Enquirer: 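Here it is, the structure, as structure tokens.
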Amino acid sequence: SLKLATAAVISTPLTLLGLVNNADAAIISNGTIQLGVNQEGHLNVPGGTPSSGSGTTSVGLRFLPTNADGTAPGCLCEGWGVADAESG
């Protein structure tokens, strides 16, 4: 089920693949999913290997078995982020 698959991916330890072109971003992976995460929490970081399909070297949300990226091709403006309402 989707719930079990999601739990398995989330519970797998993440590996930091390295900082990319700036100190405010990283590409992380659990071996199945790869995320390019900026310091503010939004996705799409330049500096990865070319993806399948579009060949983008930016990493957003990438499924490693097919090397397909769901957010980086086209515009690096996926429109998702993280905020802390307590700290403003």
Side-chain angles (χ1 to χ4, degrees):
S1 80
L2 180 58
K3 186 181 280 186
L4 288 176
T6 303
V9 170
I10 291 172
S11 66
T12 304
L14 293 173
T15 301
L16 177 64
L17 297 180
L19 298 178
V20 291
N21 295 329
N22 65 62
D24 296 332
I27 297 174
I28 60 174
S29 174
N30 68 1
T32 303
I33 303 285
Q34 191 176 62
L35 290 173
V37 185
N38 290 285
Q39 183 179 20
E40 297 83 8
H42 60 289
L43 303 179
N44 299 330
V45 172
T49 59
S51 69
S52 62
S54 71
T56 182
T57 57
S58 293
V59 175
L61 174 59
R62 192 172 288 192
F63 183 60
L64 291 175
T66 62
N67 204 33
D69 200 296
T71 63
C75 172
L76 297 185
C77 51
E78 42 59 51
W80 179 86
V82 175
D84 178 10
E86 294 293 318
S87 68

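Not measured: the values here are computed from a predicted model.
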Enquirer: If the condition is side-chain contact (heavy atoms from CB on, under 4.5 Å), which residues does Ser52 pass it with, not counting sequence neighbours?
Expert: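 Here the qualifying residues are Asn67, Ala68.
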
Enquirer: Among side-chain atoms of Asn44 and Thr71, is any donor-acceptor pair under 3.5 angstrom?
Expert: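 Yes, because at least one side-chain N or O of Asn44 sits under 3.5 Å from a partner of the opposite role on Thr71.
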
Enquirer: For residues 47-58, which residue pairs qualify under salt bridge (Lys or Arg N to Asp or Glu O under 4.0 Å), counting only residues two or more places apart or in two chains?
Expert: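 Every candidate salt bridge (Lys or Arg N to Asp or Glu O under 4.0 Å) pair involving residues 47-58 fails, so no pair, neighbours aside, qualifies.
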
Enquirer: Only counting residues at least two apart or in another chain, list the ones meeting side-chain hydrogen bond (donor to acceptor under 3.5 Å, both in side chains) with Thr66.
Expert: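 side-chain hydrogen bond (donor to acceptor under 3.5 Å, both in side chains) list for Thr66, sorted by chain: empty.
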
Enquirer: Which residues pass the side-chain hydrogen bond (donor to acceptor under 3.5 Å, both in side chains) test with Ser51, sequence neighbours left out?
Expert: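 Per chain and number, Ser51 pairs via side-chain hydrogen bond (donor to acceptor under 3.5 Å, both in side chains) with Ser54.
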
Enquirer: Enumerate the residue pairs fulfilling salt bridge (Lys or Arg N to Asp or Glu O under 4.0 Å) with a member in residues 44-71, sequence neighbours excluded, ordered by first and then second residue.
Expert: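 The answer is Arg62-Asp69.
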
Enquirer: For the residue pair Val59 and Leu35, establish whether any side-chain heavy-atom pair is separated by less than 4.5 Å.
Expert: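 Heavy-atom side-chain distance check fails, nothing below 4.5 Å.
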
Enquirer: Which heavy-atom pair separates Gly60 from Ala72 by the least distance, and what is that distance?
Expert: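 Looking at all heavy atoms of both residues, the closest pair is N-CB, 3.9 Å.
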
Enquirer: Working to the nearest 0.5 Å, report the span between CG of Leu43 and CG of Leu61.
Expert: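 Answer for the CG-CG pair, Leu43 versus Leu61, is 7.0 Å.
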
Enquirer: Show every salt bridge (Lys or Arg N to Asp or Glu O under 4.0 Å) that has at least one partner inside residues 44-54, sequence neighbours left out.
Expert: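 Checked against salt bridge (Lys or Arg N to Asp or Glu O under 4.0 Å) - neighbours excluded - no pair reaches residues 44-54.
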
Enquirer: For Gly70 and Pro73, which heavy atoms make the closest approach, and how far apart are they?
Expert: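 Nearest heavy atoms, Gly70 then Pro73: C-CD, 4.5 Å.
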
Enquirer: Quick one: are Ile28 and Gln34 in side-chain contact, heavy atoms under 4.5 Å?
Expert: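 Of all side-chain heavy-atom pairs linking Gln34 with Ile28, none is under 4.5 Å.
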
Enquirer: Check step by step if side-chain contact (heavy atoms from CB on, under 4.5 Å) holds for Asn38 and Val45.
Expert: CA-CA 7 Å; Asn38 290 285; Val45 172; 3.8 Å; yes

Enquirer: What are the two closest non-hydrogen atoms of Pro46 and Ser58, and how far apart are they?
Expert: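 Heavy atoms of Pro46 and Ser58 come nearest at CA-OG, 3.6 Å.
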
Enquirer: Name all pairs fulfilling the salt bridge (Lys or Arg N to Asp or Glu O under 4.0 Å) condition that reach into residues 46-55, sequence neighbours left out, sorted by first residue then second.
Expert: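 The answer is none; no pair qualifies.
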
